[in-house]
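Letters go in sequence order (proteins before strands), and every chain restarts at 1. Side chains included, hydrogens not; waters and symmetry mates left out as well; all remaining heavy atoms used. If you're wondering where the values come from, they're calculated on a predicted model, not measured in any experiment.
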2 protein chains.
Amino acid sequence: MDNFAIDHNSVLPLHLQVEEMLRKLIEQPEYQNGKLLPNEVHIARKLGISRNTVRQAANKLVQERLLVRKKGVGTKVAKNSLTTKLNKWTSFTHEMDEKGVVFKNYSIKVSLVVADKEICSLFNIKEKTKVIKLERLRGLNKGPIVYFISYFHPRTGLTEKEDFSKPLYEKLEKEHNVTVAVSKEGISAILANKNLAEKLHIKIGDPILFRKRVVCDPGDRPIEYNLGYYRADSFTYTIDIAKD
Amino acid sequence: MDNFAIDHNSVLPLHLQVEEMLRKLIEQPEYQNGKLLPNEVHIARKLGISRNTVRQAANKLVQERLLVRKKGVGTKVAKNSLTTKLNKWTSFTHEMDEKGVVFKNYSIKVSLVVADKEICSLFNIKEKTKVIKLERLRGLNKGPIVYFISYFHPRTGLTEKEDFSKPLYEKLEKEHNVTVAVSKEGISAILANKNLAEKLHIKIGDPILFRKRVVCDPGDRPIEYNLGYYRADSFTYTIDIAKD
DNA sequence: ATTAGCATTATGTATGAACATATGAACATA
DNA sequence: TATGTTCATATGTTCATACATAATGCTAAT
């Protein structure tokens with residue numbers, strides 16, 4: 001911390017600078033081993049900024065469970081128990097949202113296909129019924145992250161000519177009066193085959209997080225059958241089992 | 001909001017009072033439909049408190065993804081997309097931690113059992129080797145939440161006489177010099193049988209979140225084989241797939 | 001020796017003020 | 001019509017300050 005300086009002229013807000021500083025600081029073995037961090041007042045004075053700003057920065061790390069504070073005692077690095085690093089992915093997407101960096105579509109393909117047995121029994125429709133199939137490759141600017149395949153129940157009224165570049169669930173709600181709620185999910189890990197490897201810009205045999213999902217309306221009627229293939233590097237996945 | 005008053009004499013901090021107020025406020029249909037909340041300055045003036053305190057309260061909800069703020073525009077309720085309510089469980093446990101309310105053991109049973117085939121192959125030990133089996137029923141004051149069964153690799157040096165009421169992984173690190181890191185997890189949902197229903201205080205047939213987990217040391221050698229049966233009501237589970 | 005109480009320390013809560021910056025609307029100009 | 005300009009607005013950042021409260025250890029009274 002000693003050889004670290006705040007740049008008051010930087011476009012980066014002070015609290016973000018301090019946050020970065022703290023992240024680096026707490027990597028040091030002493031702090032990993034449970035030594036108390038310098039106290040807030042001390043840090044503030046040392047960096048020549050307000051205590052509030054230091055707190056604002058530290059709050060972020062507390063929120064991420066990297067730090068634990070104890071009134072009257074001090075602040076230290078959280079025991080690296082199993083829960084550490086847990087919220088990496090969710091907070092990542094949230095931050096992207098906040099900064100306006102959004103998931104974008106790399107490519108979209110819409111087709112009308114004959115539903116296979118699994119889909120027919122899931123959707124409870126006659127065999128050989130045709131359904132809309134949507135394939136999307138999505139990711140950030142730096143590259144694709146997930147490859148989605150979706151099948152939609154005829155009930156949705158979606159057609160082949162639909163503009164699928166708009167946000168999907170928003171579209172369903174607004175234009176087709178269909179509200180959604182996930183009901184069942186299953187996840188597993190698979191290895192990339194040639195097709196997936198090319199799409200996701202990874203090597204054949206690289207790990208992929210595979211998610212199978214049935215999206216239903218509030219009445220628990222299936223709306224969408226969704227297959228997601230995620231690049232597994234640095235990926236944290238969250239499932240919601242809550243019913244209410 | 002109008003018929004709401006701040007109690008400066010309450011033991012409850014102001015920001016918590018405001019937080020509660022906001023939670024109630026945003027349940028109203030108008031705000032659910034996208035209407036902007038009253039702005040921070042207005043709320044502050046109205047309640048007779050500082051804007052910072054209002055912000056502190058609102059921050060919590062932003063953090064939970066219940067609210068979204070937009071500079072120069074205002075604050076409104078987040079679109080209830082699929083991610084809403086996602087972090088309920090993790091944030092719940094975190095808050096319990098902060099308040100010192102901890103998971104406690106309802107019952108503990110330790111035994112020495114002959115490892116079955118699955119465990120032997122997983123632990124890479126000879127068939128019929130005996131291993132320590134630990135059964136724990138854990139939860140909060142209001143009742144049990146999870147039933148764990150753990151099998152430990154002989155390498156850990158754990159014995160039948162061990163005091164398992166202490167924190168498990170802490171114990172392994174300090175007393176047995178074994179550091180842990182989860183390596184593989186699988187989760188699924190099952191229905192409660194008679195045994196589980198009795199243990200978890202639920203009805204037979206109620207949903208249970210089943211987690212199978214192999215806990216390894218940093219060298220990726222298996223330490224523990226863990227089966228967890230979680231009450232599935234209001235339960236949100238998070239998996240970390242990241243490797244680094 | 002044990003305990004009650006006190007001082008110290010660090011975080012927790014709260015205030016009020018000021019300026020920065022993004023947004024969108026109204027207005028003006030080319 | 002299209003493009004700037006300005007302005008009001010609401011959130012974002014930062015500051016200095018004050019007091020509350022929990023934890024810890026020391027000290028003095030029992």
Side-chain angles (χ1 to χ4, degrees), chain A residues 1 6-22 26 31 34-63 66-78 94-95 97-101, chain B residues 1 6-22 26 31 34-63 66-78 94-95 97-101:
Chain A
M1 193 187 98
I6 288 292
D7 177 7
H8 278 269
N9 297 322
S10 167
V11 280
L12 219 62
L14 297 189
H15 70 91
L16 286 183
Q17 293 183 44
V18 178
E19 189 188 321
E20 263 194 78
M21 188 274 280
L22 287 176
I26 65 177
Y31 296 120
K35 185 184 168 193
L36 289 175
L37 297 198
N39 72 64
E40 297 171 349
V41 182
H42 180 267
I43 295 180
R45 254 211 329 268
K46 194 100 180 181
L47 299 180
I49 57 177
S50 155
R51 183 185 158 210
N52 281 344
T53 306
V54 175
R55 256 184 95 72
Q56 191 178 354
N59 278 339
K60 198 81 171 284
L61 304 197
V62 170
Q63 180 193 320
L66 287 171
L67 292 182
V68 285
R69 289 202 267 231
K70 216 161 150 191
K71 196 191 281 192
V73 180
T75 305
K76 58 179 183 175
V77 175
H94 189 221
E95 273 167 33
D97 274 6
E98 276 181 337
K99 294 195 176 64
V101 181
Chain B
M1 192 188 99
I6 289 292
D7 178 7
H8 280 269
N9 297 321
S10 167
V11 280
L12 218 61
L14 297 190
H15 71 90
L16 285 183
Q17 293 183 44
V18 178
E19 189 188 321
E20 262 194 82
M21 188 274 281
L22 287 175
I26 65 178
Y31 296 119
K35 186 183 167 193
L36 289 176
L37 297 198
N39 72 64
E40 296 171 349
V41 183
H42 180 266
I43 295 180
R45 254 210 331 265
K46 194 101 179 181
L47 299 181
I49 57 176
S50 157
R51 182 186 160 209
N52 280 339
T53 305
V54 176
R55 256 184 95 74
Q56 190 180 354
N59 277 339
K60 198 81 170 282
L61 305 197
V62 169
Q63 182 194 319
L66 287 171
L67 293 181
V68 284
R69 288 202 267 231
K70 214 163 151 191
K71 196 192 283 193
V73 180
T75 305
K76 57 179 185 176
V77 175
H94 189 218
E95 272 167 34
D97 273 6
E98 277 180 337
K99 295 194 175 62
V101 181

*Starting from P on D:dT11, measure out to CG on B:Leu37 and report it in whole angstrom.*
8 Å

*In terms of side-chain heavy atoms of B:Thr53, which of D:dC15, C:dA14, D:dT14 is nearest?*
C:dA14

*Starting at atom CD1 of A:Ile49, determine the distance to atom P of D:dT17, rounded to an integer number of angstrom.*
15 Å

*Please lay out, stage by stage, how A:Leu47 and A:Leu14 fare under the test side-chain contact (heavy atoms from CB on, under 4.5 Å).*
CA-CA 10 Å; A:Leu47 299 180; A:Leu14 297 189; over 6 Å; no

*Using whole Å, report how far CG of B:Leu14 lies from C1' of D:dC19.*
13 Å

*Output the single nucleotide from C:dT11, C:dA14, D:dT11 whose closest atom is nearest the side chain of B:Arg69.*
D:dT11

*Gap separating the NE2 atom of A:His15 from the CG atom of A:Asn52, nearest 0.5 angstrom*: 12.0 Å

_Side chains of A:Leu61 and A:Ile26 in contact at under 4.5 Å (non-hydrogen atoms)_ = yes

_Nearest listed nucleotide, side chain of A:Asn39, among D:dT11, C:dA14, C:dA10_ = C:dA10

_Gap between atoms CG and P, on A:Asn9 and D:dT14 respectively (whole Å)_ = 12 Å

*Pairing residues for B:Asn59 by the side chain to side chain contact (heavy atoms under 4.5 Å, CB included) criterion, not counting sequence neighbours*: B:Arg69

*Does the side chain of A:Gln17 come within less than 4.5 Å of A:Glu20's, by heavy atoms?*
no

*asked:* Under 4.0 Å, heavy atoms only, any strand: does B:Leu36 hit a base, just the sugar-phosphate, or nothing?
replied: nothing

*Please give, in whole Å, the distance from D:dT13 C1' to A:Leu16 CG?*
10 Å

*asked:* Let me check I have this right: for DNA chain C, each base becomes ., (, ), [, ] or |, based on Watson-Crick or G-U pairs with both distances under 3.5 Å. What is the full string?
replied: ||||||||||||||||||||||||||||||

_Give me the atom names and distance for the closest heavy-atom approach of B:Lys76 to B:Lys35._
CB-O, 3.8 Å

_side-chain contact (heavy atoms from CB on, under 4.5 Å) between B:Leu66 and B:Lys60, intermediate numbers included_ = CA-CA 9 Å; B:Leu66 287 171; B:Lys60 198 81 170 282; over 6 Å; no

_If I take atom CZ in residue A:Arg45 and atom C1' in nucleotide C:dA10, what distance separates them, rounded to the nearest angstrom?_
13 Å

*asked:* If I take atom CG in residue B:Asn59 and atom C1' in nucleotide C:dT13, what distance separates them, rounded to the nearest angstrom?
replied: 14 Å

*List the steps and the verdict of side-chain contact (heavy atoms from CB on, under 4.5 Å) for A:Leu67 and A:Val77.*
CA-CA 4 Å; A:Leu67 292 182; A:Val77 175; 4.2 Å; yes

*Between B:Asn52 and B:Glu40, which has a closest nucleotide on DNA chain D that is more 5'?*
B:Glu40

*asked:* Treating primed atoms plus P, OP1 and OP2 as sugar-phosphate and everything else as base, which nucleotides of nucleotides 19-27 of chain C get B, S or - for protein heavy atoms under 4.0 Å?
replied: --BBB----

*Separation of A:His42 atom NE2 from C:dT11 atom C1', in whole Å?*
16 Å

*First locate atom CD1 of A:Ile43, then atom CG of A:Leu22, and finally report the distance between them rounded to the nearest 0.5 Å.*
5.5 Å

*Counting only side-chain N and O atoms of A:Thr75, is one of them less than 4.0 Å from OP1 or OP2 of C:dT11?*
yes

